[in-house]
Amino acid sequence: MSKDPTDPAPHGVIPYPGRTAEMSEHPRDEMRDYTGSDLLAGKRALITGGDSGIGRAVAVAFAKEGADVAIAYLEETEDAAHTVALIEAAGRTGMEIAGDLASPAHCRSVVDQTVKQLGGLDILVNNVAYQSPVESLADLSEEQWRHTFAVNIDSFFHVTKAALNHLPDGSAIINTGSINGLRGNKTLIDYSATKGAVIALTYSLAQTLVERRIRVNCVAPGPVWTPLIPATMDAERTESFGEQVPMNRAAQPDEIAPSYVFFAANRLSSYYSGEVLAPIGGETLPG
C-alpha cells in the first residue's frame with residue numbers, strides 16, 4: 001500500500017523525512033578526511049536537500065574548497081544546524097532555509113534569500129528528492145505521483161529558472177539524478193520517472209545555456225546510505241540496501257560528494273556540460 005506523501009511520518013524504519021540521529025548506523029557525510037585546495041574560492045552555492053546525506057557531504061566539500069553555502073531543506077531539524085556548523089568550521093559562511101520545495105513560490109524565495117544573504121550565486125545544486133516504494137502501479141496514488149514530481153523535478157525547474165536571473169556567465173548547475181532514472185525500478189515507479197526527467201532536463205539545459213558558458217551536469221548515483229532510506233523503506237529493504245551492486249554495499253555520501261566538486265570547479269571540468277556521472281558501485285550499463 002502506498003504512503004500518503006502528506007503524512008508527516010510514513011511507515012519506514014524511522015519517521016519521514018528522516019534524521020541522522022535516528023539511524024541505527026550513521027552515514028559518513030561530514031567529509032572529515034577531505035582536504036580542499038581552493039577550487040571554489042569565493043564562490044556562492046545553493047544546495048537543495050542540503051541538510052543531510054549527499055547534500056550535507058557536498059555542502060561541506062564545497063566549503064572546504066572555499067565556497068559559502070546555503071542549504072534548503074524541508075523542516076527544521078538538528079541535521080540542518082549541524083550542516084551549517086560544519087560549513088562554518090571550514091571557515092565559510094553557511095545559511096539554512098527551511099520549507100517545502102514542492103511549492104513554486106518557496107523555490108523562488110529560496111533563491112532570493114540565498115542571493116540576499118550570500119551576495120550572489122555561482123553554483124546551484126538541485127538535490128532535493130522524495131521517494132516512497134509501492135508494490136505495483138495499482139498502489140501508486142495520483143497524490144503520491146503529483147507530490148513526487150513536485151519535489152523531484154518541478155522544484156528543479158522553479159529553482160533553476162529563478163537562479164538564472166542571478167547566475168553569472170560561466171557558472172555551474174549540478175542536478176542529482178539516480179541509477180533508477182537510467183534503468184527504472186519496479187517499486188520506485190514515480191521516483192524513477194522523475195529521475196529520468198532530471199537527466200533529460202540536464203541535457204536540454206546544457207544545450208540552451210551553452211552560449212552563457214553555464215555548465216549543466218548530473219550526478220546519478222546508485223544506492224547511497226542516507227536518512228531517506230530508512231525513512232521510506234521497510235526493515236527488510238533497509239537491511240539489504242545496496243547489496244545488489246557488484247561492490248555488495250551502498251555508497252557513503254562522502255564517496256559521492258567529490259563528483260559534485262568536479263562538476264562545480266571550472267578548473268576540473270571546464271569542457272564538461274550535459275554529462276551524467278554515475279557512481280554505481282562497479283555496475284556497468286550498456287550504451
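Keep in mind that the numbers below use all heavy atoms, side chains included, and drop hydrogens, waters and symmetry copies. Just so it is clear, the model here is predicted, and its values are computed rather than measured.
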Visitor: Only distances under 3.5 Å count here; give the side-chain donor-acceptor pairs of residues 87-105 to other protein atoms, sequence neighbours excluded, each with its distance to 0.1 Å.
Guide:
{"residue": "R92", "atom": "NE", "partner": "G66", "partner atom": "O", "Å": "3.2"}
{"residue": "R92", "atom": "NE", "partner": "D68", "partner atom": "OD1", "Å": "3.1"}
{"residue": "R92", "atom": "NH2", "partner": "G66", "partner atom": "O", "Å": "3.4"}
{"residue": "R92", "atom": "NH2", "partner": "D68", "partner atom": "OD1", "Å": "3.2"}
{"residue": "E96", "atom": "OE1", "partner": "Y73", "partner atom": "OH", "Å": "2.5"}
{"residue": "D100", "atom": "OD1", "partner": "A102", "partner atom": "N", "Å": "2.9"}
{"residue": "S103", "atom": "OG", "partner": "A105", "partner atom": "N", "Å": "3.4"}
{"residue": "S103", "atom": "OG", "partner": "H106", "partner atom": "N", "Å": "3.2"}

Visitor: Drop me the distance from S171's OG to R213's CZ, to the nearest 0.5 angstrom.
Guide: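 CZ of R213 is found 9.0 Å from OG of S171.
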
Visitor: Just wondering, do N165 and V115 contact through their side chains at under 4.5 Å, heavy atoms?
Guide: no

Visitor: Once salt bridge (Lys or Arg N to Asp or Glu O under 4.0 Å) is applied, what residue pairs with a partner in residues 240-269 remain, sequence neighbours excluded?
Guide: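 Sorted result for residues 240-269: R249-E255.
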
Visitor: Which atoms form the tightest heavy-atom contact between A59 and I71, and what is the distance?
Guide: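 Looking at all heavy atoms of both residues, the shortest contact is CB-CG2, 4.1 Å.
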
Visitor: Among residues at least two apart in sequence or on other chains, which ones pass side-chain hydrogen bond (donor to acceptor under 3.5 Å, both in side chains) with E22?
Guide: none

Visitor: I'd like to check the side chain to side chain contact (heavy atoms under 4.5 Å, CB included) partners of R215; sequence neighbours left out, ordered by chain and number.
Guide: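 Applying side chain to side chain contact (heavy atoms under 4.5 Å, CB included) to R215 gives A172, N217, N266, S269, S273.
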
Visitor: How would you list all residue pairs meeting salt bridge (Lys or Arg N to Asp or Glu O under 4.0 Å) that involve residues 268-282, not counting sequence neighbours?
Guide: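 Sorted pair list comes back empty.
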
Visitor: Please find the pair of heavy atoms, one from T83 and one from G50, that lie closest to each other, and give the distance.
Guide: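 Reported closest heavy-atom pair: CG2-O, 3.5 Å.
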
Visitor: Stepwise, does the side-chain contact (heavy atoms from CB on, under 4.5 Å) test hold for H26 with T20?
Guide: CA-CA 6 Å; H26 291 183; T20 302; 4.2 Å; yes

Visitor: Hey, could you give me each pair passing salt bridge (Lys or Arg N to Asp or Glu O under 4.0 Å) that has a residue in residues 102-119? Not counting sequence neighbours.
Guide: none

Visitor: Just by distance, with hydrogens left out, do Y130 and Q144 show a side-chain donor and acceptor under 3.5 Å apart?
Guide: no

Visitor: Kindly write out the residues that satisfy side chain to side chain contact (heavy atoms under 4.5 Å, CB included) with L201, not counting sequence neighbours, or none if the list is empty.
Guide: I153, F156, L205

Visitor: Please list all pairs passing the salt bridge (Lys or Arg N to Asp or Glu O under 4.0 Å) test where one or both residues lie in residues 155-180, with sequence neighbours left out.
Guide: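 Output for this query lists D169-R212.
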
Visitor: Can you list everything that forms a side chain to side chain contact (heavy atoms under 4.5 Å, CB included) with S192? Sequence neighbours excluded, please.
Guide: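 Checked S192 against side chain to side chain contact (heavy atoms under 4.5 Å, CB included); matches are N180, N185, L188.
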
Visitor: Mind checking what makes side chain to side chain contact (heavy atoms under 4.5 Å, CB included) contact with P258, not counting sequence neighbours?
Guide: M31

Visitor: How close do I214 and L164 get, heavy atom to heavy atom, and via which atoms?
Guide: CD1-CD2, 4.0 Å

Visitor: Please give me the minimum heavy-atom distance between G42 and D122, naming the atom from each residue.
Guide: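 Between these two residues, the closest heavy atoms are O-OD2, 4.2 Å.
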
Visitor: Check ring-ring contact (aromatic ring centres under 6.0 Å, His included) between Y272 and all other residues, then give those that pass, not counting sequence neighbours.
Guide: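 F262.
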
Visitor: Using salt bridge (charged side-chain N to carboxylate O under 4.0 Å, His left out) as the criterion, list what pairs up with R19, not counting sequence neighbours.
Guide: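 Testing R19 for salt bridge (charged side-chain N to carboxylate O under 4.0 Å, His left out), a comparison that skips the adjacent residues, returns E75.
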
Visitor: Identify the two heavy atoms, one from L268 and one from V261, that lie closest to each other, and give their separation to 0.1 Å.
Guide: CD1-O, 4.4 Å

Visitor: Do the non-hydrogen side-chain atoms of I280 and L182 ever get within less than 4.5 Å of each other?
Guide: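 With C-beta onward as the side chain, the pair stays apart.
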
